[in-house]
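The next block holds one structure in the form of structure tokens; read it before the comments.
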Amino acid sequence: MSSENQDSTARELTKPFEAAMNKRKERWTAQEEQKLAEALAVHGAQKWTSIASKAGINRSCKSCRLRWMNFLSPKIKRGNISDQEEDLIIRLHKHLGNRWSLIAGRLPGRTDMEIKNYRNTHLSKKIDKQSSNGSSSTRQISIVD
DNA sequence: AATGTCAGCAACCGCAGTTTT
DNA sequence: AAAAACTGCGGTTGCTGACAT
């Protein structure tokens, strides 16, 4: 039992090293998220370069910012994309192109990454189908600022 | 039950723009 | 004005779970 625990502990300890060596993607743990949230509560969501060290986690400033912006921020709205939102994404993408952050700005609670992923996975299929059926049926769209 | 394949999500990287020194 | 540091964005890719064989 104890040897098994030691083994698992050793594996945990070597994970960052392995990640660095193999460029593996390390998922965020609840502990890391909590430490980051605490550091941000104290120091604010600024100066990302120093947040990681202040939080005491082995992550880059970019990684911390990304995690906060896309998952931990209270502004984030998790859940399925509604039909309305989907329609808006399609229209905005036609209008703006791959300006995901701009599109996200029009969708409260949604992030650029979420929209980018959604477009690249769900909508690309739909659009492929539509284009293969003949794109002449596409609606005329007017974007109102 | 085991293995292979695929789709979706999440993380990282490189670059460009902005701000600070 | 120039260099350095920081921030934000978009593209790419690895990981995981679900489904098929």
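Labels below follow one simple rule: chain letters A, B, ... track the order of the sequence lines, proteins then strands, and each chain is numbered from 1. In this text, all values refer to a predicted model and were calculated from it rather than measured experimentally.
- Taking atom CG of residue A:Asn80 and atom C1' of nucleotide B:dG8, one finds them 13 Å apart after rounding to whole Å.
- Rounded to a whole Å, the CG atom of A:Leu96 is 14 Å from the C1' atom of C:dG10.
- A residue-by-residue look at A:Cys61 and A:Leu102 shows that A:Cys61 has its nearest nucleotide of DNA chain C further toward the 5' end.
- In this model, a donor atom of one side chain and an acceptor atom of the other lie less than 3.5 Å apart for A:Tyr118 and A:Glu86.
- Relative to the ring axis of A:Trp28, A:Arg59 places its NZ or CZ within 45° and under 6.0 Å from the centre.
- The side chain of A:Arg67 contributes an N or O atom lying less than 4.0 Å from OP1 or OP2 of B:dA11.
- Applying the Watson-Crick and G-U wobble criteria (two distances, each under 3.5 Å), C:dA1 pairs with nothing in any strand.
- An OP1 or OP2 oxygen of B:dC12 is reached within less than 4.0 angstrom by a side-chain nitrogen or oxygen of A:Ser63.
- Regarding contacts with the backbone of C:dG11, a side-chain N or O of A:Trp100 is found under 4.0 angstrom from either OP1 or OP2.
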Check against side chain to side chain contact (heavy atoms under 4.5 Å, CB included), A:Ile57 and A:Cys64: CA-CA 9 Å; A:Ile57 51 180; A:Cys64 290; 4.0 Å; yes
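- Here A:Ser60 lies out of heavy-atom contact (under 4.0 Å) with every strand.
- Taking only side-chain nitrogens and oxygens, A:Thr121 never comes nearer than 4.0 Å to OP1 or OP2 of B:dA7.
- As rounded to whole Å, 10 Å separates atom P of C:dG10 from atom NE2 of A:His93.
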Could you list the donor-acceptor pairs under 3.5 angstrom formed between side-chain atoms of residues 68-75 of chain A and any protein atom two or more places apart in sequence or on another chain?
{"unit_1": "A:Asn70", "atom_1": "OD1", "unit_2": "A:Thr111", "atom_2": "OG1", "d": "3.0"}
{"unit_1": "A:Asn70", "atom_1": "ND2", "unit_2": "A:Leu66", "atom_2": "O", "d": "3.1"}
{"unit_1": "A:Ser73", "atom_1": "OG", "unit_2": "A:Lys75", "atom_2": "N", "d": "3.2"}

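- Per the geometry, CE belonging to A:Met113 stands 16 Å off P belonging to B:dC13, to the nearest Å.
- Contact annotation: A:Arg65 side-chain N/O to C:dC6 OP1/OP2 distance is not under 4.0 Å.
- Toward the 5′ end of DNA chain B lies the nearest nucleotide of A:Lys116, the other residue of the pair A:Lys116 and A:Lys62 mapping further downstream.
- Rounded to the nearest 0.5 Å, atoms CD (A:Glu32) and NZ (A:Lys35) are 8.0 Å apart.
- For C:dG11, one of the phosphate oxygens OP1 or OP2 lies less than 4.0 angstrom from a side-chain nitrogen or oxygen of A:Asn98.
- One finds no side-chain N or O of A:Arg27 lying less than 4.0 angstrom from the OP1 or OP2 phosphate oxygen of C:dG14.
- In this structure, A:Asn70 places its CG atom 12 Å from P of C:dG10, rounding to the nearest Å.
- What separates CD1 of A:Ile115 from P of B:dA10 is a distance of 14 Å, to the nearest Å.
- Side-chain contact of A:His93 with A:Asn98: a donor-acceptor pair under 3.5 Å is present, judged by distance alone.
- Position along DNA chain C of the nearest nucleotide to A:Asp112 versus A:Asn117 favours A:Asp112 as the more 5'-ward residue.
- Taking only side-chain nitrogens and oxygens, A:Ser101 comes nearer than 4.0 Å to OP1 or OP2 of C:dC9.
- Rounded to an integer number of Å, the gap from A:Trp48 CH2 to B:dT19 P is 18 Å.
- Rounded to whole Å, the distance from CZ on A:Arg110 to P on C:dC9 is 18 Å.
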